[in-house]
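Order of the sequence lines sets the chain letters (A, B, ...), proteins ahead of strands, with each chain counted from 1. Here the structure is a predicted model, which is why all the values come from computation and not from measurement.
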Amino acid sequence: MGEVLSEVKRGSPEEWQRRLETLAPELLDELSVHKEPEKGLPALEGAENGVVMRFAPNPNGPPTLGSARGIIVNSEYVKKYGGKFIIRFDDTDPVKKRPMPEAYGWYLEDCEWLDARPDEVIIASERVPLYYEVAEELIRRGGAYICRCEQAVFKEHKEKGIPCVHRDQTPEENLELWQKMLDGGFSEGQAVLRVKTDMHHKDPAIRDWPAARIVTAPHPMVGTRYRVWPLLDFESAIEDHLLKTTHILRGKDLADSGARQKYLYKQMGWTYPRVIHWGRIKIHQFGSFSTSKLRAAIEAGEYTGWDDPRVPTVRAMRCRGIRPEALRKFMIDLGVGETDISISMDSIYAENRKLIDADSNRYFFVWNPVALEIEGDVPALARAPLHPAVARGFREIPAGNKIFVCQSDLAALKVGDRVRLKDLCNVEVTGLEPARALFAGREPEKKMKIIHWAPQNGVAVRVLRPDGADEGIGEAGIADELGRVVQFERYGFVRINRLGDPITAYFTHK
RNA sequence: GCUCCGGUAGUGUAGUCCGGUCAAUCAUUCCGGCCUUUCGAGCCGAAGACUCGGGUUCAAAUCCCGGCCGGAGCACCA
């Protein structure tokens, strides 16, 4: 080996290249081929013949940006490999994660908007009998038992790794107790269905886990039809089998579910889907978002609703003029890493800006307006392009000797300064309190500071931002842009959401 | 406490499985400059990273061991 290497060292690279050319030219080609990074999502193993994937939210509020990631990535894989994309509502807790009846539709709407229309929609609360069937079969096979330990007692058993007395009940006894649970022979907390795993499993989180419990409170969708409700691991395990799910994308918080559910799969003779975990996502501008916390804040009146621009929901993004394509591209670029990530809205904004810039008409909006009197021959009408680069025509803005400018622009000026009023004329400042100026020519001059302005009879505009609100005056044409995204020059992009006095716009981004 | 999973520029991300093409990709952000009748767009340029320590090897971001840091689970929540 050492000999070979010292020989290699003696030759020049060029010499070796020549030798390689004669020996194996095909290897040389290989050298110059740079592995192109695969665009989009990483390949899924075992996806060659199509996939069945599901996104399984609890409908206790509308989709957030976190949900959007799940919707987009799952649906994108289905687009990529063919197959089926399923939305499954895991709404099996009538109390602690009480579903919101409206939220089911909200999810479907937002999926549609995100270009992720599901091929199938499943609602767990409508399929409880299916879970009962599996429960009974599992009991018959000796894979589950009715545990009547008090919660705290079982917890101790679990920590110490010792089975409780109920673990040895025969299937017949368990079947009888199960029936008693269903029939109302037990009250809440008195009995629970437990899946047998291994009380000596080294990870305590895996030991005999609960599969179903008694809840007597009415469920918002099915009322009091059921008094025994499955827990997530049980419901989800069964559904994934019934739906023939091939790949599960699962948050790291559910990382133990696979290990737990595999005991059930083994007992039932089912094949477990492939699982990919991903980390938690946080957004700088919003922090982490839990639907329940949001719900509480909205109910407390801290926000105007689920589409308040300060809130990280898909509907809020929609109202702010974020395009679904921007969200898709962004989420797909994130990939499916297991690390927890903390991202900035700036990246989404940058993506969105590329999409909306060419389509957005430009308008003047003056925030914190201050009146400016101009002496001289100011044109009565300004003609400004709707877009600086795309020929889409012009907007006409009444001007004249009295207009409005931003207080902050005025504050940066002093008497004697010359400034360009965009698309109108030049002026020379002659006074500040009150603000006065003198007409100073119509032709633009190089290097002159340029500010925008608003007409005396403009429309009142209120911009709601994630970080507050701005009020001011805009040109009248803004009223023609309801529902569209426009750019307020030198301010940023906004979506015109409501006409009226004032017109309400949601801030999109700079 | 027990168990599991991560750690590449400010933020994300590619590369890690199968060590050499990596003086490490792309995006975003930031900073210069140009251009522009917007502080938008565009163009040019710059800066910026392999968690640490050992080991294996001719060669380590990549393999092994240990430390540190971070996250998660151990609910009759999802």
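Applying the salt bridge (Lys or Arg N to Asp or Glu O under 4.0 Å) rule to pairs touching residues 204-213 of chain A yields D93(A)-R213(A), R167(A)-D208(A), sequence neighbours excluded. Sorted by first and then second residue, the pairs that involve residues 148-160 of chain A and meet salt bridge (Lys or Arg N to Asp or Glu O under 4.0 Å), not counting sequence neighbours, are E156(A)-K160(A).
No engagement by T291(A) is indicated, since no non-hydrogen atom pair under 4.0 Å with the nucleic acid exists. Residue-level contact check: D409(A) touches the bases, meaning some heavy atom is under 4.0 Å from a base atom. Among the protein residues, I341(A) comes within range of the sugar-phosphate backbone only, with heavy atoms under 4.0 Å from sugar or phosphate atoms but none that close to a base. Note on T92(A): only backbone sugar-phosphate atoms sit closer than 4.0 angstrom, heavy atoms only; bases stay farther off. G335(A) comes within contact range of no nucleotide atom at all, as no heavy-atom separation falls under 4.0 Å. Residue F364(A) is classed as having no contact, given no heavy-atom separation below 4.0 Å to the nucleic acid. Residue A389(A) is out of contact with every strand shown, counting any heavy-atom pair closer than 4.0 Å. Here L231(A) lies in heavy-atom contact (under 4.0 Å) with sugar-phosphate atoms only. Residue contacts for C425(A): at a heavy-atom cut-off of 4.0 Å it reaches no nucleic acid atom on any strand shown.
Using atom C1' as the reference point in both U8(B) and U51(B), the two lie 10 Å apart (nearest Å). Here the separation of U3(B) from A59(B), taken at their C1' atoms, is 37 Å to the nearest Å. Nucleotides A49(B) and G42(B) are separated by 29 Å at their C1' atoms, to the nearest Å. One C1' atom belongs to G48(B), the other to C30(B), and the distance between them is 10 Å to the nearest Å. For the P atoms, the distance from U16(B) to C22(B) is 13 Å, rounded to whole Å. Comparing U62(B) with G15(B), their P atoms are spaced 15 Å from each other, to the whole Å. Taking the C1' atoms as reference points, A9(B) lies 14 Å from A61(B), given to the whole Å. G19(B) and C63(B) have their C1' atoms separated by 8 Å, with the value rounded to a whole Å.
Separating the CD atom of E156(A) from the P atom of C74(B) is a distance of 18 Å, rounded to the nearest angstrom. Taking atom CZ on R295(A) and atom C1' on A78(B), their separation rounds to 13 Å, with Å as the unit. Rounded to whole Å, the distance from NE2 on H157(A) to P on C76(B) is 14 Å. The nearest whole Å value for the distance from the CZ atom in R227(A) to the P atom in C76(B) is 18 Å. Across the protein-nucleic acid pair, M345(A) atom CE and G10(B) atom C1' stand 18 Å apart, rounded to whole Å. Counting to the nearest Å, the P atom of C74(B) and the CD atom of E159(A) are 12 Å from each other. One atom, CE of M331(A), and another, P of U28(B), lie 17 Å apart when rounded to the nearest Å. Rounded to whole Å, the distance from CD1 on I332(A) to P on U13(B) is 15 Å.
Not counting sequence neighbours, the partners of Y104(A) by the ring-ring contact (aromatic ring centres under 6.0 Å, His included) test are F89(A). Scored by the side chain to side chain donor-acceptor pair (under 3.5 Å) test, Y226(A) finds no partners at all (sequence neighbours excluded).
Counting only N and O atoms by type, the side chains of R392(A) and N361(A) include a donor and acceptor under 3.5 Å apart. Side-chain polar atoms of S347(A) and S344(A) form no donor-acceptor pair below 3.5 angstrom. Looking at S360(A) and Q487(A), their side chains never bring a donor and an acceptor atom within 3.5 Å of each other.
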Between the protein and nucleotides 43-45 of chain B, list every N/O to N/O distance that falls short of 3.5 Å.
none

Write out a two-atom table: protein N or O, nucleotide N or O from nucleotides 65-67 of chain B, distance below 3.5 Å.
none

Nucleotide N/O to protein N/O under 3.5 Å, stretch nucleotides 31-38 of chain B:
unit_1, atom_1, unit_2, atom_2, d
U37(B), O2', K422(A), NZ, 3.4
U37(B), O2, D423(A), N, 2.7
U37(B), N3, R420(A), NH2, 2.9
U37(B), N3, D423(A), N, 3.4
U37(B), O4, R420(A), NH2, 2.8
U38(B), O4', E489(A), OE1, 3.4
U38(B), O2, R490(A), N, 3.1
U38(B), N3, Q487(A), OE1, 2.9
U38(B), O4, R362(A), NH1, 2.4

Every protein N/O within reach of nucleotides 3-9 of chain B N/O, cut-off under 3.5 Å:
unit_1, atom_1, unit_2, atom_2, d
U3(B), O2', D203(A), OD2, 2.7
C4(B), OP1, K202(A), NZ, 2.9
C5(B), O2', E338(A), OE1, 2.8

Atom pairs, protein N/O to nucleotides 61-64 of chain B N/O, distance under 3.5 Å:
none

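Here R88(A) pairs with E235(A) in a salt bridge; the nearest charged N to carboxylate O distance falls below 4.0 Å. Note on R395(A) versus E489(A): salt bridge recorded, some NZ/NE/NH1/NH2 to OD/OE distance being below 4.0 Å. Ion pairing of R362(A) with D423(A) is absent here, as no side-chain N (NZ or NE/NH1/NH2) approaches a carboxylate O to less than 4.0 Å. Salt bridge status for R54(A) with E239(A): absent, with no side-chain N to carboxylate O gap under 4.0 Å. Under 4.0 Å is where a charged nitrogen must lie from a carboxylate oxygen, and between K252(A) and D340(A) at least one such pair does.
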Could you please spell out the steps behind the side chain to side chain contact (heavy atoms under 4.5 Å, CB included) verdict for V366(A) and C406(A)?
CA-CA 5 Å; V366(A) 171; C406(A) 288; 3.9 Å; yes
Start with the C-alpha gap between W178(A) and Y132(A), add the side-chain angles, then the distance that decides, and say whether ring-ring contact (aromatic ring centres under 6.0 Å, His included) holds.
CA-CA 10 Å; W178(A) 169 249; Y132(A) 287 176; 5.6 Å; yes
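Contact check of residues 94-102 of chain A against RNA chain B (heavy atom, cut-off under 4.0 Å) returns K96(A), K97(A). In the region residues 54-70 of chain A, proximity to RNA chain B at under 4.0 angstrom, judged on heavy atoms, holds for N58(A).
Relative to the side chain of R353(A), the nucleotides U28(B), U29(B), A78(B) differ in distance, and U29(B) lies closest.
Proximity of K354(A) to the phosphate of U28(B): a side-chain N or O atom is located under 4.0 Å from OP1 or OP2.
Ring geometry for W367(A) against Y491(A) counts as tilted: the plane angle lies between 30° and 60°, on a 0 to 90° scale.
Note that K196(A) lies outside the cation-pi zone of Y263(A), set by a 6.0 Å cut-off to the ring centre and a 45° limit from the axis.
Base pairing in RNA chain B yields stems of at least 3 consecutive Watson-Crick or G-U pairs, both distances under 3.5 Å, namely B:1-7 with B:68-74, B:10-12 with B:26-28, B:31-34 with B:42-45, B:51-55 with B:63-67.
Mapped onto RNA chain B by nearest heavy atom, A350(A) and D253(A) fall at different nucleotides, with A350(A) at the one closer to the 5' end.
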